[in-house]
Amino acid sequence: MEEKKECCYCHKTKERSEKEYKDMINRLNRIEGQVRGVKRMVEEDAYCPDILIQVSAINAALNSFNKVLLANHIRTCVAEDIREGKDETIDELVVTLQKLMK
């Protein structure tokens, strides 16, 4: 896990293992397919409760994705930064959690 800073934007990046990358992309592809399915339902005048149930499933899938990503972030990036004495990472994590809980 290596973080890089780009000179102009100062955005952090994270190198992921091939497995982690593939798992994340697969989850996102499934979610994208669900969204396309809901769009199709709207285009075909599907019954509102049927659409709402599908949207709820999309929300659950996104929440699950966030939980996995957050757990991995804490186990890798946050833990490593704390070991290196970078306490500002804790503040960054708190801000991130506050945004997730809106």
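Predicted model, so just to flag it, every value in this text is computed and none were measured. Heavy atoms only: backbone and side chains are in, while hydrogens, waters and symmetry mates are out.
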*Could you grab the distance from atom CG of Asn63 to atom CG of Leu70, nearest 0.5 Å is fine?*
11.5 Å

_So which atom in Val38 and which in Gln54 form the shortest heavy-atom distance, rounded to 0.1 Å?_
CG2-CB, 3.6 Å

*Drop me the distance from Phe65's CZ to Leu28's CG, to the nearest 0.5 angstrom.*
4.0 Å

*Who are the salt bridge (charged side-chain N to carboxylate O under 4.0 Å, His left out) partners of Glu20, not counting sequence neighbours?*
Lys14, Arg16

_According to side-chain hydrogen bond (donor to acceptor under 3.5 Å, both in side chains), does anything in residues 25-44 pair up with another residue at least two apart or in another chain? List the pairs._
Arg27-Ser64

*Spatial distance of atom CG (Leu93) from atom CG (Asp81) [nearest 0.5 Å]*: 10.5 Å

*Could you tell me the separation between the CG atom of Leu69 and the CG atom of Leu62, rounded to the nearest 0.5 Å?*
11.5 Å

*Mind checking the CG-CD1 spacing from Asp87 to Ile82? Nearest 0.5 Å is all I need.*
7.5 Å

*Which atom names give the shortest non-hydrogen contact between Ile51 and Ala46, and what distance separates them?*
CD1-O, 3.7 Å

*Roughly how far, to the nearest 0.5 Å, is CD of Glu80 from CD1 of Ile74?*
15.0 Å

*asked:* Taking Leu97 as the starting point, is it possible to reach Ile90 by hopping between hydrophobic residues whose side chains are less than 4.5 Å apart?
replied: yes

_Running the 4.5 Å side-chain criterion over Ile, Leu, Val, Met, Phe, Trp and Tyr, what cluster does Ile25 land in, apart from itself?_
Tyr21

_Working for side chain to side chain contact (heavy atoms under 4.5 Å, CB included), residues Thr96 and Leu100_ = CA-CA 6 Å; Thr96 300; Leu100 288 173; 4.3 Å; yes

_Sidechain N-carboxylate O distance under 4.0 Å for Lys86, Glu88_ = no

*Is there a path of hydrophobic side-chain contacts, each under 4.5 Å between heavy atoms of I, L, V, M, F, W or Y residues, that connects Val42 with Ile58?*
yes

